[in-house]
Amino acid sequence: MKRLSSLAELEKLRKKIVSKQKREKITIVTSVGTCGLARGAGEVADAIVKELKRNNLQNEVSLRTTGCHGFCEIEPIVVIYPEGILYQKVQAEDVKEIIFETVLKKKILEKFLYTDPLTGEKIAYEKEIPFYKKQYRLLLNNNHLIDPYKIEDYIALGGYSALGKALFKMKPEEIIDWVKRSGLRGRGGGGFPTGRKWESTRRAEGSLKYIICNGDEGDPGAFMDRSIMEGEPHSVLEGMIIGAYAISFGRAQAQGYIYVRHEYPLAVKNLTQAITQAKEYGFLGENILGSGFSFDIKINRGGGAFVCGESSALMRSLEGKAGEPRAKYVHATDKGLWDQPTNLNNVETWACVPEIINRGPEWFASIGTEGSKGTKVFSLVGKVNNTGLVEVPMGTKLREIVFDIGGGIRGGKKFKAIQTGGPSGGVIPEQLIDLPVDFDALTEVGSMMGSGGLIVMDENDCMVDVAQYFVKFLEEESCGKCVPCREGLRRMREIFERITSAKGTEQDLVLLEELGEAMKLGSLCGLGQTAPNPVLSTLKYFREEYEAHIREKKCPAGVCIELISYSIDPKKCTGCMLCAKNCPTGAAQGEKKKPHKIDKKLCIKCGICYDVCKFDAVKRG
Amino acid sequence: MKREKEMDKRELEQILERYNRSQGQIIAILHEIQDLERYLPEDDLRFVAEKLNMPAPQIYHIATFYKAFSLKPKGRHICNVCMGTACHVRGAPLVLEELERKLGIKAGDTTPDMEYSITTVNCLGACALGPIMVVDGKYYGQMIPSKVKSVLEQTQKPIKGKKK
């Protein structure tokens with residue numbers, strides 16, 4: 001591999017790769033992201049290689065292993081191109097049949113096809129699946145076309161052309177102007193205008209500037225950054241190199257860091273490989289593409305602390321310290337990492353940059369709403385049929401995301417609420433389902449965009465329990481530096497423990513609200529300031545549920561363990577004895593073929609009888 | 001099994017060398033030690049403190065601040081339960097409780113025979129599979145309490161204190 005030293009050399013290389021790819025007629029794609037691997041995609045890929053070899057097809061058919069395609073629900077998937085036939089939930093033992101029937105004989109095997117949960121219709125082609133069809137994919141569009149270990153795949157699709165354009169045809173100030181005009185706002189949660197941040201960092205005095213990518217995706221239920229880092233790592237690198245050039249060239253040296261969550265080992269692996277390859281081709285290192293600009297990127301693994309997703313805490317962590325945030329009156333753009341001017345953006349934000357440079361700011365600004373431009377990737381999870389990554393223009397209604405793309409609620413249950421923004425966000429009730437999703441609309445209803453996790457909840461989810469979950473989560477993750485956050489969360493947790501164990505009083509709700517307001521005003525960083533959001537939003541929209549816990553000592557959704565009990569419906573019970581056999585305490589009792597009973601004194605409410613019953617006879621509530 | 005002391009120090013020296021004995025790389029250094037030992041032994045931390053010229057309490061602060069690190073030895077099999085929101089609403093707490101009952105220990109602890117440790121994680125980012133439990137690096141998706149027993153059996157070791 002030769003280091004490229006001019007734009008012409010890059011274009012020549014691109015042509016060479018593309019003409020080579022054209023010769024390969026049939027391509028089988030399987031996604032080996034974290035979700036896919038967890039479900040056996042690795043074995044599927046191995047079986048495909050073996051089967052192609054056995055049939056002597058290695059030269060006519062190629063296998064491409066890619067990152068996550070975003071439709072986690074149906075993993076492991078196998079897509080056969082050029083037709084784009086998609087098979088879902090494929091296992092290694094199915095591969096033989098797929099190669100023989102579909103690849104060789106062009107016959108579509110119905111049993112592997114995806115079924116639309118809304119219409120019951122079987123769909124053969126990837127592009128016709130509503131989950132994909134109704135999305136607008138800018139960032140996720142290439143995941144199925146790229147093997148993340150092959151920089152050549154990225155180059156073939158026009159990769160690093162934006163970098164070439166930026167380095168040779170644009171001045172740093174012009175790039176910043178474009179990013180400003182594009183209206184791009186930080187995708188990590190805050191929504192700060194990216195171009196303004198770049199401009200401040202460029203103007204700041206200092207001979208060394210740090211360019212950081214925040215890959216510490218800690219919001220539970222959000223995994224779009226993981227998918228981008230795993231699936232298309234070069235788009236993040238390219239964005240960072242362009243940013244570094246715009247911020248530092250002609251004024252200072254620049255050094256890049258990517259801070260990746262320790263829980264994402266595959267993202268670390270793929271990014272490390274991508275950086276090595278980018279260096280070999282000369283997209284990173286000294287004198288990039290012969291432009292005179294030099295820049296390098298290092299990867300740091302996090303330590304499993306949620307607060308390190310907060311920018312100032314992340315910088316302390318990079319310095320090898322405990323990740324404690326600091327007050328924001330000193331801007332990181334002036335004094336950030338090691339007190340040097342520092343520009344930090346989130347993974348998704350960086351990945352937007354190459355497209356903005358390629359297609360221009362007006363194009364990007366034409367997508368989305370007045371205050372929020374471009375697309376946003378959401379991770380749609382929880383009680384929804386089509387779990388996965390959904391990329392839509394800003395301003396798309398929640399209803400379209402949950403029902404049209406998400407295929408509605410699992411098991412025909414009733415939609416209750418949607419939680420957005422992770423532990424900093426809030427719960428949005430059914431009556432606001434037509435809310436257009438952008439930075440400002442979400443904040444207005446007491447939630448926030450956060451990193452884009454959307455957790456769908458149904459009638460079996462208790463809002464008091466959800467709020468309690470986030471309070472406990474944040475109590476553990478609070479760094480403890482400032483009192484309102486540290487003590488406020490502890491007291492909130494105690495109040496929740498009272499409410500969920502039938503010891504709550506009406507006064508507790510007032511206390512929760514007062515505490516919440518104090519934490520909002522008095523906490524030092526974003527974690528503490530937004531920590532009361534899950535509590536305050538559930539109190540606002542689901543107060544009657546709190547009141548039921550307090551007044552009637554009941555959990556209407558049947559979740560809070562101390563307020564529920566298990567019983568067996570004698571009309572449905574067939575006396576199969578499965579519950580009695582599995583009950584760890586002997587609480588479920590009865591004779592064969594006669595209705596069973598649960599001894600409430602012995603029952604520890606483990607839920608096993610509920611799981612194992614095949615006749616829906618065990619009741620929880 | 002405890003390795004020879006001398007070996008320990010030589011490996012530690014190599015790790016420190018790889019990170020240029022830089023104080024700023026302390027988190028990466030601790031990660032490497034933990035990857036080898038499955039926890040952070042006090043001896044090692046004192047050795048690192050001395051070599052990097054850092055006060056031992058400062059290293060202790062970092063080792064206890066970050067959740068990824070453990071000062072207690074971990075068992076041979078690590079059962080990691082995801083407690084992310086998506087897993088939570090699909091019943092992760094009941095799965096964790098069942099695991100705690102089956103092993104007779106609480107999350108964060110290790111069985112006295114050093115066979116099993118239970119850990120929890122805030123989110124693995126594989127929410128479609130929720131509730132998820134990872135045992136020795138293998139993912140078990142769509143967990144329910146009644147499946148815990150068979151997952152543990154797959155580690156192919158008799159479970160101490162198992163209830164019938």
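Here is the naming used below: chain letters follow the sequence lines, and residue numbers restart at 1 for every chain.
When every heavy atom of B/Cys127 is checked against every heavy atom of A/Val381, the shortest pair comes out as CB-CG1, 3.2 Å. Smallest separation of non-hydrogen atoms from A/Cys606 and B/Arg101: CB-NH2, 2.7 Å. Nearest heavy atom pair, residue A/Ile608 against residue B/Pro145, reads CG1-CB, 3.6 Å. Listed here is the closest heavy atom pair of A/Ala38 and B/Leu129: CB-CD1, 3.4 Å. Of all the heavy atoms in B/Ser146 and A/Val612, the pair that sits closest is CB-CG1, 3.6 Å.
Heavy atoms closer than 4.5 Å to chain A are found in the side chain of B/Val121, but not in its backbone. In this structure, chain B has heavy atoms under 4.5 Å from both the backbone and the side chain of A/Asp465. Proximity to chain A (any heavy atom under 4.5 Å) is shown, for B/Glu100, by neither the backbone nor the side chain. Only the side chain of A/Asp461 has a heavy atom closer than 4.5 Å to any heavy atom of chain B. For A/Cys479, the parts sitting under 4.5 Å from any heavy atom of chain B are the backbone and the side chain alike. Heavy-atom distances place the side chain of B/Glu98, and not its backbone, under 4.5 Å from chain A. Only the side chain of A/Ile561 comes within contact range of chain B, judged by heavy atoms closer than 4.5 Å.
For A/Glu477 and B/Asn122, the side-chain atoms include at least one donor-acceptor pair closer than 3.5 Å.
In terms of non-hydrogen atom pairs under 4.5 Å with chain B, the most contact-rich of A/Cys35, A/Ser317, A/Gly218 is A/Ser317. With chain A as partner, the option from B/Ser22, B/Ala126, B/Gly91, B/Gly24 having the largest number of non-hydrogen pairs under 4.5 angstrom is B/Gly24. Interface summary for chain B: among A/Thr387, A/Val559, A/Val384, the most heavy-atom pairs under 4.5 angstrom belong to A/Thr387. Contact count versus chain A (heavy atoms, under 4.5 Å) is highest, among B/Ala68, B/Ala28, B/Ala86, for B/Ala68. Heavy-atom pairs under 4.5 Å with chain A peak, among B/Lys138, B/Lys147, B/Met83, at B/Met83. Among the candidates B/Ile29, B/Leu94, B/Val148, B/Leu30, the residue making the largest number of heavy-atom pairs closer than 4.5 Å to chain A is B/Leu94.
Identified by a heavy-atom distance below 4.5 Å to chain A, the contributing residues of residues 46-64 of chain B are B/His61, B/Ile62, in residue-number order.
Considering only residues two or more places apart in sequence or on other chains, B/Phe69 meets the ring-ring contact (aromatic ring centres under 6.0 Å, His included) condition with B/His31. Residues that satisfy the side-chain hydrogen bond (donor to acceptor under 3.5 Å, both in side chains) test with A/Lys472, not counting sequence neighbours, are absent from this structure. Considering only residues two or more places apart in sequence or on other chains, A/Tyr264 meets the ring-ring contact (aromatic ring centres under 6.0 Å, His included) condition with none of them.
The backbone N or O of B/Thr85 lies less than 3.5 Å from a partner atom in the side chain of A/Tyr469, making a donor-acceptor pair.
The environment of CD in B/Glu42 is sparse: at most 12 heavy-atom neighbours from other residues, nucleotides or ligands sit within 6.0 Å.
We find the CD-CZ distance between A/Glu324 and B/Phe65 to be 5.5 Å, quoted to the nearest 0.5 Å. The structure places CZ of B/Arg90 at 4.0 Å from CZ of A/Arg410, a figure rounded to the nearest 0.5 Å. Within the model, atoms CD of A/Gln468 and NE2 of B/His88 stand 8.0 Å from one another, a figure rounded to the nearest 0.5 Å.
Considering only heavy atoms from C-beta on, A/Thr34 comes within 4.5 Å of B/Tyr139 through its side chain. Using a 4.5 Å heavy-atom threshold, the side chains of B/Tyr66 and A/His262 count as separate. Contact check for A/Glu263 versus B/Cys123: no side-chain heavy atoms found under the 4.5 Å cut-off.
We find that B/Glu97 and A/Lys605 are not joined by a salt bridge, their nearest charged nitrogen and carboxylate oxygen being 4.0 Å or further apart. By the 4.0 Å N-to-carboxylate-O rule, A/Arg301 lies close enough to B/Asp35 to be salt-bridged with it.
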